[in-house]
Structure formats: C-alpha cells, structure tokens
Participant: 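The following block contains the structure, expressed as structure tokens.
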Protein chains: 2
Amino acid sequence: MPEGQRKSKQPTIREVAAHAGVSPMTVSRTLSGGVYVRPDVQERVLRAVRELGYHRNEIARSLRPGQSSGLIGVAITNLGNPYYGNFALGVEEVAARHGRRIILGNTGEDPARERQLVSDFIGRQVEGLVLVPSGRSGEHLSSDELGGVPLVLASRSLDGLDADTVLLDDVGGAAGGTRALLDAGHTRIAFLGNARSVFTGERRFEGFVRALAERGLVPDDALVERDQQDVAAAETATRRLLDLDHPPTAIFSANNRNSIGVLHEVARRLRSGAALEAMPALASFDAFELAGLMPVPVTIVDHDPRELGREAARLLLARLGPEPSVEPSRRVEMPVRVVTAT
Amino acid sequence: MPEGQRKSKQPTIREVAAHAGVSPMTVSRTLSGGVYVRPDVQERVLRAVRELGYHRNEIARSLRPGQSSGLIGVAITNLGNPYYGNFALGVEEVAARHGRRIILGNTGEDPARERQLVSDFIGRQVEGLVLVPSGRSGEHLSSDELGGVPLVLASRSLDGLDADTVLLDDVGGAAGGTRALLDAGHTRIAFLGNARSVFTGERRFEGFVRALAERGLVPDDALVERDQQDVAAAETATRRLLDLDHPPTAIFSANNRNSIGVLHEVARRLRSGAALEAMPALASFDAFELAGLMPVPVTIVDHDPRELGREAARLLLARLGPEPSVEPSRRVEMPVRVVTAT
DNA sequence: CTGTTAGCGCCTTCAC
DNA sequence: GTGAAGGCGCTAACAG
C-alpha cells in the first residue's frame, strides 16, 4: 500500500463553509438535498462549491456508520479475453445503474493473487464481490473470511462453497453443438477442450458424452484432447488428430481458443494442397468473429457474457438490501444458442 | 449513492485489541510491520486477527492525512471491445505492481456519463485518472476541476487540454498500411473509417492521404466512407464501393469494425458466385483473429493495446511521487507494426 | 516496547 | 432554519 503521498489539493467541507460564510452542516445539508436550508443560502453554498471545485469526500462519507462504500469488487481471470471484458461490462452496467462503482482486479488464473485481491477488496469495504474463481478451493471465500460480504461466483463453481453462482448451460450447450454434428451425419467426432481440472472443461465434456450417448455412441479416447490452454497447443492437437490413420470427420471444440487453433491447422493444410473434403467440420462452444467466412462448416454454441455479468450483478444486488438476506444461495444457468454460422 | 446499508460484520481494530488484551495501537503497529512490538505480543495479536477474520479498514486508513486511497480511476469508452479490455488490463497490471487498485467505469462514448464518472472518481479520492475521452471538449478535465489529481489521456487527445497522453502512431500506421497496398500495385484504394469528429479517425485518414501523396496520388472522394460505427454499416459501405462502375481494387480500413464489415460483404459476394479476382485486397488498422484464413490478401497494422495501457499507467505513476511533479506534460506515441497476415 | 491523545472529513443527533 | 458536539476506524505524535 502506498504511504505518505501528495497532499491532495481537494478542498474540504469546512473551506466551502468558510467561503460561503456558513457552517459545515449547512453545506452538508445543501449537498444532500437542501431540505431545511433557505434557498438563498443554498445559492451561496453552491457557488462556493463551484468556485472551489469541491467534491464531497466519499471516503470520509462512507466511514460514517450505516453508510456503504458503494463499491463492488470484481475479480476475473483475464480481462484481456473479450469474454471476460464483456462480463465485466455487464457487471459494471448493472452496478452503475444502482449507484455502485466496480473495483477491478485481474487474477491471471493465480489462486494466490485471487486471495490477495479478495482480501484487499474486503479491506476496502466493498459491499459485495463478484468472482470468477481461479482455483478449485474456496476456503478463503467462506462467509466468515469475507466478514459476511456477499459473494457471487461466475462461470465456475467451487466445491464445498455455498454461494450464489451464475453459469452457462455448459452441458446443454455442448450437447447441442455435438448434436448438430451428429445430425450432419458425423459419427467420428473429436473433442478438444480444457484440462479435466477446469470446471467448464468437465461440464462441456459431459455434454459431449451425453449427446453421443443419445445416439448409442461413446467417445473414442484417441479423439479426445483436453489439455490445450492456448491456440498453439490446439493447433498441435488438431494436427495430431488429422494425422491419425482414421481421422475424425468433425471436431467439437469446447472453447474459443481451441476453435481458433483448429481453424489455423485447417488453413495450413489447405494451403499445403489438402483436399477440402478431407477437412473436419467444426462445432465451437464460444463464438468467434468471421465464423461465416470459414472454409469448413462451422456450428457455434453462442452465449452472451455481458448478460452473464448483468445476472451476476443482479444476484449480488439482491443480497444488498438493509436486511442481510438469508435466502439460500441461488444457482443460475444462462441459456446458450446453437447456431450454424452464415 | 446507496444509503443506510447493512451493518458490516467487519470487526474493528478495537475488537482485535480487546481480544488480544492489548491496545489498538499495538495492533496497528503489528499490522504495519511490527517494529517495536514484542514478538510474543505480535503472536497474540495475529492470532486474534485470524480468529476474528479482521481486515484493516483501508477506507478509514486512507482518511488519515498524508495517506492515499491507492485507487486509480479508469474510464474507458467500451469495455466490451477487446481493444479496451486489453488496455484496462495493462493499466491494472502496472497499477497492481505499484500497490494500486483500479476503479473502472464505462462511458459508452457518452460525455455526460464521462463527466459523472470523473466527478465520482475525484470524490472517491483517486490518486490519478486514466481516461479514454469520449468527447472533443475537456473543460471538465482542467487541473482545477480535478483538484490537482493527475490525468492521463489514452488513445485520443483533447483540444486545448494539456495532459499526459498516450496514443498509437495512427498516422504512421495508416500510412504504412496504405503503402503496403500501393506496393502491391493498387492505385484505386478506398478508405473506410470513423467519423471525421473522432480523433483517431482524423489521424488515420491523414496517414492514408500522406501515403497516397508520396506516390503522387490523391484520395478519390467517391472511395472514402467515414461514418460507419459498426460492422453492419461497414458492410453497407463496402457494398456501395464494390457496386461502383469503377470499384476500388483495395480497401484501407481504419479500424477493426470496418475490417470485419468489409470481409462480411466480400464473403457474401463470393457466396453469390462473384469472382475472387474481383474482390478487393484489404489493409486493416487493428488486428483481428483468423486474418490468415481470409480469401483476400490481408495486411494488418498491428499494435498492442495492453502495452498502451501499461504506458498510460507508467505516465500516471510518474506523477504520483511525493512532489506534485510539475514537469510539462508528455505525449507518447506507441509504435505499430505493419504485417501481412499468414 | 506500549498506551493515550487527537484528528483526518463527514453527518447524525441534539440544541437554539 | 441553522449550528455545535461527537464519533465512524485508524494511526502520527507524544508520553511513559
């Protein structure tokens, strides 16, 4: 924490009062609606405020008992990912509409950093927390640890932690995307996704398996690649798949990064003279731009991260009433849409 | 501002002190490094802290004279745009490294909202402001209005406002992208960009004109479209261009949104049986994924918004020393790279 | 080494 | 209508 900084030139309520020839109380009252203050006095006060460039010190204000900071702590894993950028935007939007500001931290998928952030947020008296958890454990997130500050988990759930949660319909979406491939006649379908340890990775694989099962199929282990964290790894995994003696005719990709990797590899092969007919169809959980311009058929499991953020904020705000709402925690699954790119 | 909220269950320093059988001062000292506190007493204090789940109230802390809030206000135009998401990430990254947190607001290109946000940030005693301005005017951003809080402008400059600014090399980048098209033999090059009123729109057009001038060319008014705000409008503009009797053979697009629009229209025409040879080459200011998979040649003017954010934070932090640095304001132009997509 | 005093900026409560 | 205390949680400064 930075210590001993620049003396802010911010005028205080007392200076405004002196400037206007009234008491601080009169300034305070004027600024809070002006009931019980004579109009002409208000005029004078407001003029002083303008002349001095006075801004009420919200920090001092929120120190008073019964006042809240008006701050919502938001910790996400990667702001640079448009998915989370839009998520944060949704939270900000709803929070702002309710007079709250968000204070934002990026965890970079690092549980230690997440822990620091959460602790700092609590220290800053946030009214609530929205968190995309980066680990599997939620011990630092118990209601006790948080001093009763309400918490909403987003995108991922946490074992053994009872908290409001917003998720995508991962299972349904993955099943839907897979069904689209099955409906197109594919039976050898590969799966590209996150590591087993990632919550969404597990759920989307579950949806994939479920859709296959509906048609009496089971996943072929040789066609399942689950450890790609970035585009390059996805590209390599795709290469391996397509080099198999008996390659898949379609690929279900559990996220955006993997989908891009698949397409890069497909493009590489086409440039090398591979036949378009030999290229796999793709179904992708997560949209990506220009899907309609791809050489192979692309099905998208689309969803709205911004709406997910809005919903997270809504759940949180519902807990911020005067009464420390004791309702049981809620779990919301946001719908997804299966669309074939045009 | 939300009033009269839930009484936080946060324990205070006094409760910790009572629990540990010491005075609040001893707790304070222990928590700030523990010099001049007997080790065994520290033990007891820290145990009490743990048992009570105590977090130091940073708000009360920063109320003390000479203390700063550790908060940087960041107001950007559209968090949902990956460009600004990465920008915010860069700011957060550097701020966090210096013990600061960012408080984030989205202006949605609305000057009124920007004004509110800035005022609120000042009220929250931010140490500094990073702003992507949404209007042309900066009257609410004078050093007086801001109470001396340092300000860094990003991406766009503001007439008549003397403040630290980080920009992209818009002119050089646009010229470079245009040159790539000229080098490929194109002479009828269209320009798609922002409205004239947008700072970057003006600068990128300037670069475009400059590159043409180097080859003794001038822009053809019929080939300049400058009012597209979204993909759909860009698509329409492209349609008009390609429908001309004497259509352009290449398009320089001043931003990501326009580039995507161009490509959508190109795809639409190809699907309708248009000849690939009749399609324009594209140079795009701003990168987009899968550029290498496009049916037409694509040149990218690439840059790193995250680094832009880092630089903005650096400029700001340089002003946060104990002395209210009176150095003249700096203007930094971040380099861009012209690359042909692979 | 530890405790007491005082005050940061504001607003609730109680006088006038 | 307006003003004077008092205190929110914390920590410099000053005892002891």
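Below, read A as the first sequence line, B as the second, and so on, with proteins coming before strands; counting in each chain starts at 1.
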Participant: Of the candidate nucleotides dT2(D), dC11(C), dG3(D), which contains the atom at the shortest distance from the side chain of R56(A)?
Facilitator: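 The nucleotide sitting nearest to the side chain is dC11(C).
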
Participant: Once you round it to whole Å, what is the distance between P of dG1(D) and CD of Q42(A)?
Facilitator: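 Going from CD in Q42(A) over to P in dG1(D) covers 10 Å.
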
Participant: For the pair made of CZ in R44(A) and C1' in dT2(D), what is the distance, rounded to whole Å?
Facilitator: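 It is 12 Å, rounded to the nearest whole Å.
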
Participant: Do R319(A) and E327(A) come within less than 4.5 Å of each other through their side chains, counting heavy atoms only?
Facilitator: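 Sidechains of E327(A) and R319(A): in contact.
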
Participant: Could you tell me how far apart R38(B) (CZ) and dG3(C) (C1') are, to the nearest whole angstrom?
Facilitator: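 One finds 14 Å between C1' of dG3(C) and CZ of R38(B), rounded.
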
Participant: Under the criterion salt bridge (Lys or Arg N to Asp or Glu O under 4.0 Å), I'd like the reasoning laid out for E307(B) against R314(B): C-alpha separation, chi angles, the key distance, then a yes or no.
Facilitator: CA-CA 10 Å; E307(B) 186 57 32; R314(B) 282 186 211 112; 3.2 Å; yes

Participant: If only side-chain N and O atoms count, and only distance matters, is there a donor-acceptor pair under 3.5 Å linking E114(B) with S134(B)?
Facilitator: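 There is such a pair (donor and acceptor under 3.5 Å, judged by atom type) between the side chains of S134(B) and E114(B).
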
Participant: Under a 4.0 Å N-O cut-off, is there an ion pair linking R101(B) with D120(A)?
Facilitator: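 Looking at D120(A) together with R101(B), the answer is yes, because their closest N to O distance falls below 4.0 Å.
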
Participant: Rounded to the nearest angstrom, tell me the gap between atom CG in N57(B) and atom P in dC8(D).
Facilitator: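 So the CG-P distance, N57(B) to dC8(D), works out to 13 Å.
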
Participant: Could you tell me whether R29(B) contacts a base, only the sugar-phosphate backbone, or nothing, with contacts defined as non-hydrogen atoms closer than 4.0 Å?
Facilitator: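 R29(B): base contact, heavy atoms under 4.0 Å.
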
Participant: If you find the nucleotide of DNA chain C closest to S23(B) and the one closest to V27(A), which residue's nucleotide is nearer the 5' end?
Facilitator: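 Nearer the 5' end of the strand: S23(B).
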
Participant: I want to check one thing: is the phosphate of dG9(D), taken as OP1 and OP2, less than 4.0 Å away from some side-chain N or O of T12(B)?
Facilitator: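 The answer is no; no side-chain N or O of T12(B) sits under 4.0 Å from OP1 or OP2.
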
Participant: Take atom CD of Q67(B) and atom P of dA13(D), then tell me their distance rounded to the nearest Å.
Facilitator: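 Rounded to whole Å, this separation is 11 Å.
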
Participant: Given that P65(B) and T26(B) both sit by DNA chain C, which one's nearest nucleotide is further toward the 5' end?
Facilitator: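 It is T26(B), whose closest nucleotide lies nearer the 5' terminus.
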
Participant: Please compare A60(B) and M25(B) by the position of their nearest nucleotide in DNA chain D and report the one closer to 5'.
Facilitator: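 The answer here is A60(B).
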
Participant: When the distance from CD of Q10(A) to P of dG9(C) is rounded to whole Å, what number comes out?
Facilitator: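 Computing the Q10(A):CD to dG9(C):P distance gives 11 Å.
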
Participant: If you check every side-chain atom of R14(A), which of dC10(D), dC11(C), dC8(C) has the closest atom?
Facilitator: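 Nearest to the side-chain atoms of R14(A), counting from C-beta on, is dC8(C).
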
Participant: What integer distance in Å separates R61(B):CZ from dG9(C):P?
Facilitator: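 R61(B) atom CZ is separated from dG9(C) atom P by 17 Å.
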
Participant: With sugar-phosphate meaning primed atoms plus P, OP1 and OP2, does L63(B) contact a base, only sugar-phosphate, or nothing at under 4.0 Å between heavy atoms?
Facilitator: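 Here L63(B) touches the bases of the nucleic acid.
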
Participant: How close or far is atom C1' of dA5(D) from atom CD1 of I13(A), stated in whole angstroms?
Facilitator: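 Spelled out: CD1 on I13(A) to C1' on dA5(D) is 15 Å.
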
Participant: Is there a side-chain contact between Y36(A) and the phosphate of dT12(C), meaning an N or O under 4.0 Å from OP1 or OP2?
Facilitator: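 No, because none of the side-chain N or O atoms of Y36(A) sits under 4.0 Å from OP1 or OP2 of dT12(C).
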
Participant: What does R64(A) touch in the nucleic acid at a heavy-atom separation under 4.0 angstrom: a base, only the sugar-phosphate, or nothing?
Facilitator: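 It contacts base atoms.
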
Participant: Check whether the side chains of Q10(A) and H55(A) place a donor and an acceptor atom closer than 3.5 Å, and report yes or no.
Facilitator: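 No donor-acceptor contact under 3.5 Å links the two side chains.
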
